[in-house]
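Scroll down for the structure; my scribbles are underneath it.
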Amino acid sequence: MATMTIAEIADRTLEHLGIKAAGQNASAEDVLRVKEIVTSVLSKLRYENMAPFDVTAIPEYAQLAIRDISAAECANLYGLSGERLQIIMQGREMARLDLSRQTAAKKSALPVRPYWF
């Protein structure tokens, strides 16, 4: 695997949710919705210092985690429920933990503010 773009992550997210089969094309509306959610997820992760990479080239170690987190954000949008929804939500928590472990040693691009007492 190589780096991926937001559009490729959105495509993988739709496959993971079962909205489209591998090799098929999703509707333009579905792709647009999921791309917006993936962009939002990346913004949140970047704010939490869990995405210290360029969002135009998502590295291998973060691809599945971002897919799983994005899938959890999209699950209610596509009406998933029951056991499948629980599996996806548990996947999100495992993905966040995995991503936090992988980025723990990475330096933040944001300046550190000291708090003086």
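For clarity, every value in this text was computed on a predicted model and none was experimentally measured.
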Rounded distance [0.5 Å steps], [atom1] in [X] versus [atom2] in [Y]:
X: Met4; Y: Gln63; atom1: CE; atom2: CD; value: 4.5 Å
X: Glu8; Y: Thr3; atom1: CD; atom2: OG1; value: 7.5 Å
X: Asp54; Y: Leu42; atom1: CG; atom2: CG; value: 10.5 Å

Any idea which heavy atoms bring [X] and [Y] closest together, and the distance?
X: Thr56; Y: Thr5; value: O-CG2, 3.8 Å
X: Lys35; Y: Ala10; value: CG-CB, 3.7 Å
X: Leu99; Y: Ala65; value: CB-CB, 4.2 Å
X: Ala75; Y: Leu17; value: CA-CD2, 4.4 Å

Any sub-3.5 Å donor-acceptor pair from Ser100's side-chain atoms to Leu97's backbone N or O?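 Pair found, side chain donor or acceptor close to backbone of Leu97.
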Exam field: side chain Arg46 to backbone Phe53, donor-acceptor pair closer than 3.5 Å: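 Answer holds: yes.
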Kindly write out the residues that satisfy side-chain contact (heavy atoms from CB on, under 4.5 Å) with Leu32, not counting sequence neighbours, or none if the list is empty.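 Here the qualifying residues are Glu36.
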Taking only distance into account, with no hydrogens and no angle test, what donor-acceptor pairs under 3.5 Å do side-chain atoms of residues 18-30 form with protein atoms, sequence neighbours excluded?
residue: Lys20; atom: NZ; partner: Asp11; partner atom: OD1; Å: 3.1
residue: Lys20; atom: NZ; partner: Glu15; partner atom: OE2; Å: 3.4
residue: Lys20; atom: NZ; partner: Gln24; partner atom: O; Å: 2.7
residue: Gln24; atom: OE1; partner: Ala21; partner atom: N; Å: 3.3
residue: Ser27; atom: OG; partner: Asp30; partner atom: N; Å: 3.2
residue: Ser27; atom: OG; partner: Asp30; partner atom: OD2; Å: 3.2
residue: Glu29; atom: OE2; partner: Arg33; partner atom: NH2; Å: 2.9
residue: Asp30; atom: OD1; partner: Tyr78; partner atom: OH; Å: 3.1

Worked check of side-chain contact (heavy atoms from CB on, under 4.5 Å) between Ile69 and Leu45: CA-CA 10 Å; Ile69 296 167; Leu45 292 174; 4.3 Å; yes
List the atom pairs, with distances to 0.1 Å, where a side-chain N or O of residues 87-96 and a protein N or O form a donor-acceptor pair under 3.5 Å, not counting sequence neighbours.
residue: Arg92; atom: NH1; partner: Glu73; partner atom: OE2; Å: 3.4
residue: Arg96; atom: NH2; partner: Glu48; partner atom: OE1; Å: 2.5
residue: Arg96; atom: NH2; partner: Glu48; partner atom: OE2; Å: 3.4

Can you name the one residue among Ile66, Thr39, Val34 that meets side-chain contact (heavy atoms from CB on, under 4.5 Å) with Ile6?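 Running side-chain contact (heavy atoms from CB on, under 4.5 Å) over Ile66, Thr39, Val34 with Ile6 returns exactly one hit, Thr39.
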What verdict does the side-chain contact (heavy atoms from CB on, under 4.5 Å) test give for Thr13 and His16, after you've listed the backbone C-alpha separation in whole Å, the side-chain angles of each residue and the deciding distance to 0.1 Å? CA-CA 5 Å; Thr13 301; His16 184 62; 5.5 Å; no
Report the C-alpha distance between Thr103 and Asn49 in whole Å, list the side-chain angles of each, state the deciding distance to 0.1 Å, and finish with yes or no for side-chain contact (heavy atoms from CB on, under 4.5 Å). CA-CA 8 Å; Thr103 58; Asn49 292 328; over 6 Å; no
